[in-house]
S.K.: 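Below is the structure I would like to discuss, written out as structure tokens.
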Amino acid sequence: QVQLVESGGGLVQAGGSLRLSCAASGSIFSINSMAWYRQAPGKQRELVAGITIDDRINYADSVKGRFTISKISRDNAKSTVYLQMNSLKPEDTAVYYCNAVTYDDYEGYDYWGQGTQVTVSS
């Protein structure tokens, strides 16, 4: 089991920046990848950025060049990943969710945080 807690959301003007944090606890050594998703009102949840434990990264086209996902840092009890968001646009407004994926010998498991609201005003 992995528990995820996000922080760092808030209200910012267009062109501003925010940094989101996701702290993972529990079975952190089984984490294969971590990612940020977002869901705007009336829309489906979409991948924003993801990174694997061997540092393979992918971004949604809409955020390339503006958002940066950090490497997965790990200490004894916690793994953390950050999402630096620059040049924010009103269309970035959404609830942002942290995701972690673990694998055992049989299948993969998805874990989600509770979400943090990001609102970008025009």
Side-chain angles (χ1 to χ4, degrees):
Q1 293 283 335
V2 173
Q3 295 79 44
L4 301 172
V5 178
E6 303 104 331
S7 61
L11 173 64
V12 64
Q13 288 188 332
S17 299
L18 284 174
R19 190 177 81 153
L20 305 183
S21 301
C22 175
S25 59
S27 302
I28 61 171
F29 291 99
S30 64
I31 292 175
N32 179 265
S33 63
M34 296 183 74
W36 289 95
Y37 286 74
R38 68 186 180 188
Q39 188 166 19
K43 294 189 176 181
Q44 290 189 330
R45 191 173 296 190
E46 63 175 356
L47 175 69
V48 176
I51 185 167
T52 64
I53 56 171
D54 57 353
D55 298 333
R56 286 177 288 130
I57 295 174
N58 66 304
Y59 293 101
D61 287 343
S62 59
V63 307
K64 284 180 181 177
R66 300 188 299 121
F67 291 11
T68 304
I69 190 168
S70 71
K71 292 184 177 183
I72 300 172
S73 65
R74 183 179 291 162
D75 63 22
N76 288 335
K78 191 171 59 176
S79 287
T80 305
V81 69
Y82 301 94
L83 183 68
Q84 179 66 42
M85 305 186 295
N86 298 329
S87 302
L88 283 161
K89 303 176 181 180
E91 51 263 43
D92 295 318
T93 295
V95 178
Y96 284 70
Y97 296 92
C98 182
N99 166 268
V101 177
T102 67
Y103 289 94
D104 63 17
D105 290 341
Y106 304 101
E107 59 184 295
Y109 302 89
D110 270 298
Y111 297 91
W112 296 91
Q114 80 286 355
T116 185
Q117 177 70 46
V118 171
T119 303
V120 184
S121 63
S122 57

S.K.: Any donor-acceptor pair under 3.5 Å linking the side chain of Arg66 with the backbone of Ser87?
M.R.: yes
S.K.: For Ile69, is there any backbone N or O sitting under 3.5 Å from a side-chain donor or acceptor partner on Tyr59?
M.R.: yes
S.K.: Check whether Leu4 and Val118 end up in the same hydrophobic cluster, where Ile, Leu, Val, Met, Phe, Trp and Tyr are linked by side-chain heavy atoms less than 4.5 Å apart.
M.R.: yes
S.K.: Counting distance only, does the side-chain N/O of Gln84 pair as donor-acceptor with the main-chain N or O of Thr68 below 3.5 Å?
M.R.: no
S.K.: Side chains of Arg45 and Tyr37: donor-acceptor distance under 3.5 Å anywhere?
M.R.: no
S.K.: Evaluate Thr80 against Lys71 for side-chain contact (heavy atoms from CB on, under 4.5 Å), listing each step before the verdict.
M.R.: CA-CA 8 Å; Thr80 305; Lys71 292 184 177 183; over 6 Å; no
S.K.: Checking Asn99 now: which residues fulfil side-chain hydrogen bond (donor to acceptor under 3.5 Å, both in side chains) with it, not counting sequence neighbours?
M.R.: Asp110
S.K.: Taking Val12 as the starting point, is it possible to reach Val95 by hopping between hydrophobic residues whose side chains are less than 4.5 Å apart?
M.R.: no
S.K.: For the residue pair Met85 and Val120, establish whether any side-chain heavy-atom pair is separated by less than 4.5 Å.
M.R.: no
S.K.: According to a 4.5 Å side-chain heavy-atom criterion applied to Ile, Leu, Val, Met, Phe, Trp and Tyr, with indirect links allowed, do Tyr109 and Ile51 form part of one hydrophobic cluster?
M.R.: yes
S.K.: For a quick test of reading the model, state the closest non-hydrogen atom pair linking Pro90 to Ser122 and the distance between them.
M.R.: CG-CB, 3.8 Å
S.K.: Specify the closest pair of heavy atoms between Ala100 and Val2, including all atoms of both residues, with the distance to one decimal.
M.R.: CB-CG1, 4.4 Å
S.K.: Would you check if the distance from the ring center of Trp36 to the ring center of Phe67 is below 6.0 Å?
M.R.: no
S.K.: Which value, rounded to the nearest 0.5 Å, describes the distance between Lys78 atom NZ and Gln3 atom CD?
M.R.: 13.0 Å
S.K.: Please table the atom pairs, donor to acceptor, closer than 3.5 Å between any side-chain atom in residues 19-35 and protein atoms at least two apart or in another chain.
M.R.:
residue : atom : partner : partner atom : Å
Ser27   : OG   : Gln1    : N            : 3.3
Ser27   : OG   : Gln1    : O            : 3.3
Ser30   : OG   : Ser27   : O            : 2.6

S.K.: Should Ile53 and Tyr111 be counted in the same cluster of Ile, Leu, Val, Met, Phe, Trp and Tyr side chains packed under 4.5 Å apart?
M.R.: yes
S.K.: Can a donor-acceptor pair be found, under 3.5 Å and without considering hydrogens, that links the side chain of Thr93 to the backbone of Thr119?
M.R.: no
S.K.: Between Asp61 and Lys64 (side chain of the first, backbone of the second, donor and acceptor by atom type, cut-off under 3.5 Å), is there such a pair?
M.R.: no
S.K.: Under 3.5 Å, is there a donor-acceptor pair between the side chain of Glu6 and the main chain of Gln114?
M.R.: yes
S.K.: Any chain of hydrophobic side-chain contacts (each under 4.5 Å) joining Ile72 to Leu47?
M.R.: no
